[in-house]
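See below for the structure under consideration.
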Amino acid sequence: MSAIFNFQSLLTVILLLICTCAYLRAMAPSLLDKNKTGVLGIFWKCARIGERKSPYVACCCIVMAISILSAQ
C-alpha cells in the first residue's frame with residue numbers, strides 16, 4: 001500500500017520531509033532560501049516548520065518511531 005492511502009505512512013513521510021528540509025537548510029541555507037515561492041517553496045516552508053516547531057517535531061518523531069516499532 002502506498003503512503004497516500006495509509007495515514008501512518010503519510011505522517012512518516014511528512015515528518016521525514018520536515019526533518020530533512022530543516023537539516024538541509026542548516027547545512028546549506030542558500031540551497032532552500034532561493035526558492036521561497038512556487039513548487040520548490042514547499043521545501044522552504046517545511047524547513048521553516050522544522051526550525052520553528054523543532055520541539056514538537058522531535059516529539060512527533062519519537063512518538064512515530066515508538067508506534068512503528070511497537071506495531072511490528
Side-chain angles (χ1 to χ4, degrees):
M1 194 173 244
S2 70
I4 295 173
F5 300 114
N6 187 351
F7 186 68
Q8 184 175 3
S9 297
L10 179 66
L11 287 178
T12 304
V13 168
I14 291 171
L15 279 173
L16 286 173
L17 179 67
I18 290 171
C19 293
T20 303
C21 289
Y23 177 76
L24 283 176
R25 189 167 189 281
M27 293 295 122
S30 63
L31 188 67
L32 292 176
D33 285 345
K34 62 183 176 184
N35 298 319
K36 291 184 181 180
T37 59
V39 177
L40 295 177
I42 294 171
F43 300 118
W44 180 79
K45 291 174 186 172
C46 286
R48 279 304 210 190
I49 292 170
E51 291 170 353
R52 293 185 179 187
K53 304 287 185 190
S54 60
Y56 299 112
V57 172
C59 289
C60 288
C61 287
I62 292 170
V63 168
M64 184 64 65
I66 291 170
S67 71
I68 289 173
L69 289 175
S70 66
Q72 295 179 2

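Because the structure is a prediction, the values reported are computed rather than measured.
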side-chain contact (heavy atoms from CB on, under 4.5 Å) filter on L16, not counting sequence neighbours, yields T12

Sequence neighbours excluded, the answer for side-chain contact (heavy atoms from CB on, under 4.5 Å) partners of C19 is V57, C61

Below 3.5 Å, can you tabulate the donor-acceptor pairs from side chains in residues 26-34 to any protein atom, sequence neighbours excluded?
from: D33; atom 1: OD1; to: R25; atom 2: NE; distance (Å): 2.9
from: D33; atom 1: OD1; to: R25; atom 2: NH2; distance (Å): 3.0
from: D33; atom 1: OD1; to: W44; atom 2: NE1; distance (Å): 3.4
from: D33; atom 1: OD2; to: R25; atom 2: NH2; distance (Å): 3.3

Kindly work out whether a path of hydrophobic side-chain contacts (I/L/V/M/F/W/Y, heavy atoms less than 4.5 Å apart) joins I18 to L24. no

The remaining residues in the hydrophobic cluster of V39, counting side-chain heavy-atom contacts under 4.5 Å among Ile, Leu, Val, Met, Phe, Trp and Tyr, are none

Which residues pass the side-chain contact (heavy atoms from CB on, under 4.5 Å) test with L40, not counting sequence neighbours? N35, F43

From L15 atom CG to C60 atom SG, the distance as rounded to the nearest 0.5 Å: 5.5 Å

Quick one: name the residues clustered hydrophobically with V63, using the 4.5 Å side-chain heavy-atom rule over I, L, V, M, F, W, Y, and just say none if it's on its own. none

List in chain and number order the residues that pass salt bridge (charged side-chain N to carboxylate O under 4.0 Å, His left out) with R48, two or more places apart in sequence or in another chain; answer none if no residue qualifies. E51

Backbone of L17 reached by a side-chain donor or acceptor of T20 within 3.5 Å: no

Sorted by chain and number, sequence neighbours left out, side-chain contact (heavy atoms from CB on, under 4.5 Å) with C59 holds for none

What distance do S54 atom OG and Y56 atom OH have between them, rounded to the nearest 0.5 Å? 10.0 Å

Report yes or no: do I62 and L69 belong to one cluster of Ile/Leu/Val/Met/Phe/Trp/Tyr joined by side chain heavy-atom distances under 4.5 Å? no

